Amino acid sequence: MDSIPQLRLAIVGGGIGGLTLAVALTRMGVDAKIQIDIYESAAKLTQVGAGITLWPRGWEILKALDLEEDLAAFLNPGQEIPSKDKLVLSLVFKKSDQPEDVHISDLSFPGGSVSFHRADVLTVLLAHISPRIQIHLGCRLTSFVESDADVELSFKNGETARCDMLVGADGINSVVRRGFLAKENNLSADDAVREAHPLWTGTTVYRSVMESSLVAQLDPKHPALLRPVSFCGKNKHVVAYPISAGRQINAVAFFSDPGKENTLFDGPSTVPKTTVNVSALYPNWSAETKCITDNMINPSRWAIEIVKPLERYGAGRIVLLGDSAHAMPPHLGNGAGQAFEDAYILAHLVAASPPVSGERIDIAHIIASYSAVRQPFGNFVVQASVEQGKNYEFEGAEFADVREGDTVAPERLAALEERISDLVRWTWDSSIADDLHHALELMGAPQVTQASTCGTRRE
Ligand SMILES: Cc1cc2nc3c(=O)[nH]c(=O)nc-3n(C[C@H](O)[C@H](O)[C@H](O)COP(=O)(O)OP(=O)(O)OC[C@H]3O[C@@H](n4cnc5c(N)ncnc54)[C@H](O)[C@@H]3O)c2cc1C
């Protein structure tokens, strides 16, 4: 540390969002000026997980953080580093709850989407975190107390710590969100637990990762060997796409009970290993669907849950980032992408913040500017993801007459294609640069030039 730290920043959660924030702060040289600690509940950063898809907005950030080259090593065959100059066929939609697939849409857009194994993304992020940033493993936050002077953190292992600014990057079941909501709404401990509890969307998934060679043996032309495919049907759909430089396929089989939307899921929301026969859930679906579901051996099971929309993503000394602020269904492949966006904006605001009153940074101003930009956008993406899931599963009122396996007229499928495209268009025809500009403006901070990677060059 070059001088007395102006700020002690604690990041709770070393997942996608927490580590991206640490990388962004490193890239901006902030780690030399402030004290940054990451507290992660896991004893080891095991880099677990399955596939994540990234869209041009998310890729823009990874490029700005100088991670493009490292991630390129994990691109799948036929994929290139996304460039907005090139139209790329990125997603294929089929109606597949019948023996022959019916084409719905081939979604092409500038730059295209790229898919990775979550573990590969975490490995790349970890390699770019400054050694000045301390990662404390085995530290599960249980509670915190915010005062005018600072925040006191308490961990399950009995340890305590203090910080000036607390970033809750602790995922969908965030302890930081619970404490934040308790203070915001003056809730009792029990009421805060209820208020912070995620809501079930009515959808459950089985997830697994399989060797691509298995699929290639059964069907050498299977589309999931090359790009994401969504096999859609009434109240169910199956998504499959290549990861790990094409060596594996990530498969997710969704099935929904629309009547259960916004209820509490009964039972554990994640079961790491099951013995379910996934194909039995999709009887009479197409051969391409069956080729995927037949190979989902010992899949994990997840209840798809969301965070109730928050009115703001932080206040005072507390700020929420990633799933803790806006956990969403995976139907737009954007949970990680939104965590990148949060981290990128927050890091810029911390980096741009001029010290006020001696050596302290105006934390409340950083958090208010962050929330003003990120809350409307994050909440919009949650809602758009929920709606997109209904499109994939023919759940809109216009498909009330459709049952599993029914033939749907081409003009109705064309209208569906239009709706699917409309809901995803923002991922390539908007830019994070505009949001960053707005956030810095709110802070009264200098703007970052277009060519700048991480705000090291300023106008
Ligand atoms: C089926 C499925 C498919 C998905 N597909 C995609 C996709 O294609 N594209 C995409 O962008 N996103 C996808 N996502 C979403 C994505 O995985 C998440 O949105 C993303 O990981 C959120 O990052 P995060 O850092 O907020 O949370 P996480 O990555 O969950 O990290 C939270 C971290 O906090 C730690 N932690 C939790 N509680 C505590 C505590 N009390 N104290 C200390 N540490 C704690 C955890 O151990 C973890 O390391 C998908 C999600 C699901 C369920």
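Remember, predicted model here, so these are calculated numbers, not experimental data. What's counted below: heavy atoms across the whole structure, side chains too, no hydrogens, waters or symmetry copies. Both counts, for ligands and for their atoms, begin at 1 and track the order of listing.
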Can you pull out the closest protein heavy atom to atom 40 (C) of ligand 1? Residue, atom name and distance to 0.1 Å, please. Leu141 N, 3.7 Å
Where is the nearest protein heavy atom to atom 6 (C) of ligand 1: which residue, which atom, and how far? Ile52 CG2, 3.8 Å
For atom 35 (C) of ligand 1, the protein heavy atom that lies nearest, with its residue and separation: Glu40 OE1, 3.3 Å
For atom 39 (C) of ligand 1, tell me which residue out of Asp170, Val176, Thr53 has the closest non-hydrogen atom. Asp170
Answer with yes or no after comparing the ring centroid distance for Phe180 and Tyr313 against a 6.0 Å cut-off, counting only values under it. no
Counting only heavy atoms closer than 4.0 Å, does ligand 1 sit against the backbone of Tyr241, its side chain, both, or neither? side chain
For ligand 1, which atoms sit closer than 4.0 Å to a heavy atom of Gly337? 11 (O)
Would you say the ring centroid of Trp426 lies under 6.0 angstrom from that of Phe377? yes
How about Val12 and Val175: do any of their side-chain heavy atoms sit closer than 4.5 Å? no
If hydrogens are left out, which of Ile16, Leu21, Val239 has an atom nearest to atom 21 (O) of ligand 1, that is, the closest non-hydrogen atom? Ile16
Can you tell me which residue pairs pass the salt bridge (charged side-chain N to carboxylate O under 4.0 Å, His left out) test with a partner in residues 255-270, sequence neighbours excluded? Asp257-Lys260, Glu261-Lys390
Numbered atoms and elements of ligand 1 in range of Gly333, under 4.0 angstrom, heavy atoms: 7 (C), 8 (O), 9 (N), 10 (C), 11 (O)
Report all side-chain donor-acceptor pairs from residues 320-334 shorter than 3.5 Å, counting only partners two or more places apart or in another chain.
residue, atom, partner, partner atom, Å
Ser324, OG, Gly168, O, 2.7
Ser324, OG, Leu321, N, 3.3
Ser324, OG, Leu321, O, 3.1
His326, ND1, Gly322, O, 3.2
His326, NE2, Asp342, OD2, 2.6
Asn334, OD1, Gln338, NE2, 3.1
Asn334, ND2, Leu332, O, 3.4

Among all protein non-hydrogen atoms, which one is nearest to atom 16 (C) of ligand 1, and what is the separation to 0.1 Å? Ala336 N, 3.8 Å
Number the atoms of ligand 1 from 1 as they appear, then name those within less than 4.0 Å of a heavy atom of Tyr39, with their elements. 43 (C), 44 (N)
May I ask you to identify the nearest protein heavy atom to atom 31 (O) of ligand 1, giving residue, atom name and distance to one decimal place in Å? Gly15 CA, 3.4 Å
Using a strict cut-off of 4.0 Å, indicate which atoms of ligand 1 neighbour a heavy atom of Val12. 42 (N), 43 (C)
Does an N or O anywhere in Arg207 fall below 3.5 Å from an N or O of ligand 1? no
Nearest non-hydrogen protein atom to atom 24 (P) of ligand 1, with distance, is Gly17 N, 3.9 Å
Out of all atoms in ligand 1, which are within 4.0 Å of some heavy atom of Val175? Include the element for each. 41 (N)
Distance to 0.1 Å, residue and atom name: give those for the protein heavy atom nearest to atom 34 (O) of ligand 1. Gly13 CA, 3.3 Å
Between Arg419 and Asp422, is the closest basic N to carboxylate O distance under 4.0 Å? no
Does either side chain, that of Ser96 or that of Glu288, offer a donor lying less than 3.5 Å from an acceptor on the other one? no
Measure the distance from atom 32 (C) of ligand 1 to every protein heavy atom, then report the residue, atom name and distance (to 0.1 Å) of the closest one. Ala169 O, 3.5 Å
Need the ligand 1 atom indices (1-based, order shown) with element for anything under 4.0 Å from a heavy-atom of Cys139. 42 (N), 43 (C)
Do Thr204 and Arg301 have side chains that approach each other closer than 4.5 Å (heavy atoms only, starting at C-beta)? yes
Just which atoms of ligand 1 are under 4.0 Å from any heavy atom in Trp302? 53 (C)
Quick one: look at Arg118 and ligand 1, take heavy-atom pairs under 4.0 Å, and tell me if it's side chain, backbone, both or neither. side chain
Should Ser324 be counted as touching ligand 1, given the test is an N or O pair under 3.5 Å? no
Taking the six-membered ring for Trp, are Tyr392 and Phe93 closer than 6.0 Å centroid to centroid? yes
Using a 4.0 Å heavy-atom cut-off, say whether Ser41 meets ligand 1 through its side chain, its backbone, both or neither. both
Here the atoms of ligand 1 under 4.0 Å from any heavy atom belonging to Gly171 are 27 (O), 32 (C)
